[in-house]
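Throughout, a chain's letter reflects where its sequence line sits, starting with A, and its residues are numbered from 1.
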2 protein chains.
Amino acid sequence: MIEERTGSGETGPDEGAAERAARVVMIVLRLFRALERVDTDLTPQQYRILKLAGAGGERSARLAERLAVAKPTLTATADALVAAGYARRETEPGDRRVVRLCLTDAGHSALARADAVYGQWLDELLAETSDPDQVLHALDVLNQAMDVRRARRSVAAAGPA
Amino acid sequence: MIEERTGSGETGPDEGAAERAARVVMIVLRLFRALERVDTDLTPQQYRILKLAGAGGERSARLAERLAVAKPTLTATADALVAAGYARRETEPGDRRVVRLCLTDAGHSALARADAVYGQWLDELLAETSDPDQVLHALDVLNQAMDVRRARRSVAAAGPA
DNA sequence: TATTGTTATACTCTATAACTATA
DNA sequence: TATAGTTATAGAGTATAACAATA
């Protein structure tokens, strides 16, 4: 699908795809940079970890998987969050190797504050668009597409055993 | 606009806005992380700088402004690109303080390769969506909204002189 | 042995403050 | 003096390899 061979003599797998992707990549990078500059007390990555951990004290391995980062990466950022008082580590009673990351009250407060600031940022950005709902819907669609790919990948990882 | 006071007794500036923003932020961070894991020879930031510099040897101050980073940040990443052979620095004849960052042939090749890989990544992602064109359009709309805000900001910075 | 998480180490991106060279 | 860019230094996020503790 999406063949679009325009006969321009190009060697790449699909010419239009590369240009379209370049545009999309630049936009995502720009959005990320904009988020980095929003003044919450949390870095985007700290926000992301707290948000995922907040949805129920997750064990470290599972968190790292959902964040798509290596285990030592999670350890490092969790260290910072624990030091800042936003999270604490709890040991699993049944299996003492397992560690769960849980939010403290301060962590919940920090998340709420960040959400409020992000909310204002997004409102101001969407105010410059003609159809905010369409934009939001498109992002949800992209998110679902990533869900599908993640699910497929974890099946592939578990299947060929 | 977007008042939506639901009378739930919340204290924040706008309750729905925070939840909606949280979703959007998580999606943008997830997209960025996915991009980081795409195997090009460039980091996303290196890609971004090369892409902007490639559109005509830009002077450093202007590049930093478009990237929304501090000047030393640009210097550091440019160092890495020059060391890798992807870019070179050229001095302005008229004003010897000014430095322009230009792509080498290797730099153009690296960009083309990255674009091809990103192209495949995006194609696979969009293949999981029902309406790819709508998604692409929404991203363009967001980009235009950021353009508007940037233009307004630079006017504000220059105006109150 | 296998698994969970951490330590050791290194590289990139980011920033602020101080500096050099040029205007 | 003012401006363009760099150097010095520091903090956060990322990774791989090696490790300790537990199963």
In whole angstrom, give the distance that lies between atom [atom1] of [X] and atom [atom2] of [N].
X	N	atom1	atom2	result
B/Leu35	C/dC13	CG	P	14 Å
A/Gln45	C/dT12	CD	P	18 Å
B/Leu29	D/dG13	CG	P	12 Å
A/Ile49	D/dA12	CD1	C1'	11 Å
B/Leu63	D/dA4	CG	P	14 Å
A/Glu36	C/dT12	CD	C1'	12 Å
B/Phe32	C/dT12	CZ	C1'	11 Å

For the atom pair CD (A/Gln45) and CG (B/Leu29), what is the distance rounded to the nearest 0.5 Å?
-> 7.0 Å

Using the side-chain heavy atoms of [X], tell me which of these nucleotides is nearest: [options].
X	options	result
B/Arg33	C/dA15, D/dA12, D/dT14	D/dT14
A/Arg59	C/dG5, D/dT16, C/dT12	C/dG5
B/Lys71	D/dA15, C/dG5, D/dA4	D/dA4

Identified side-chain contact (heavy atoms from CB on, under 4.5 Å) partner of A/Val24 from the options B/Leu136, B/Leu31, B/Leu126, B/Leu125 | B/Leu136

Residue among A/Leu52, A/Asp41, A/Val38, A/Leu111 satisfying side-chain contact (heavy atoms from CB on, under 4.5 Å) with A/Tyr47 | A/Leu111

Considering heavy-atom distances to DNA chain C, does A/Arg37 or A/Arg62 have its closest nucleotide positioned more toward the 5' end?
-> A/Arg62

Run the salt-bridge test on [X] and [Y] with the 4.0 Å N-O cut-off and return the result as yes or no.
X	Y	result
A/Glu92	A/Arg59	no
A/Glu124	B/Arg152	no
A/Asp79	A/Arg89	yes

Can you check whether B/Gly85's main-chain N or O pairs, donor with acceptor, with B/Thr104's side chain at less than 3.5 Å?
-> yes

Close approaches to DNA chain D from residues 73-101 of chain A, in residue order (heavy atom, under 4.0 Å) = A/Thr73, A/Ala76, A/Thr77, A/Gly94, A/Asp95, A/Arg96, A/Arg97

Which part of the nucleic acid, if any, lies within contact of B/Ala70, taking any heavy atom under 4.0 Å across all strands shown: a base, the sugar-phosphate backbone alone, or nothing?
-> base

